[in-house]
Amino acid sequence: MECPEGHSHHIHKNGHRKGKQNYICVKCGRQFIEEYQHRGYSDDVKRNCLKMYVNGIGFRGRERITGVSRTTIMD
Ligand SMILES: [Zn+2]
């Protein structure tokens, strides 16, 4: 067992959640459930990457639209 963030193997048991063993990372204080660890981490990373990607596209798209409309107004 180790912290899902990869901080350390220094984790403590932290009671139970929904009948599953709950753990807490001593270094960062992150709590996680044993069964959830591997899938949960990769899903988080994927979701964050996707969010950044979508936000990047959205921001750039908005910038482009703003630039076009500004130019049109100035013309
Ligand atoms: Zn940690």
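Atoms within a ligand are numbered from 1 in the order they appear, just like the ligands themselves. Atom set for the values below is all heavy atoms of this structure, side chains included, hydrogens, waters and symmetry mates excluded. Position 1 is the first residue of the sequence, and the numbers go up from there.
Scored by the side chain to side chain contact (heavy atoms under 4.5 Å, CB included) test, Asn22 finds Asn14, Arg17, Gln31, Ile33 as partners (sequence neighbours excluded). Take His7 and apply the side chain to side chain contact (heavy atoms under 4.5 Å, CB included) test, not counting sequence neighbours, and it matches Cys3, Glu5, Cys25, Lys27, Cys28. For His12, the side chain to side chain donor-acceptor pair (under 3.5 Å) test picks out no residue, with sequence neighbours left out.
The side-chain heavy atoms of Phe32 and Ile11, taken from C-beta on, include a pair separated by under 4.5 Å.
The Zn ion (ligand 1) has Cys3 SG, His7 ND1, Cys25 SG, Cys28 SG as protein N, O or S atoms under 2.8 Å away.
Note that CE of Met1 and NE2 of His10 are 13.5 Å apart. Values are rounded to the nearest 0.5 Å.
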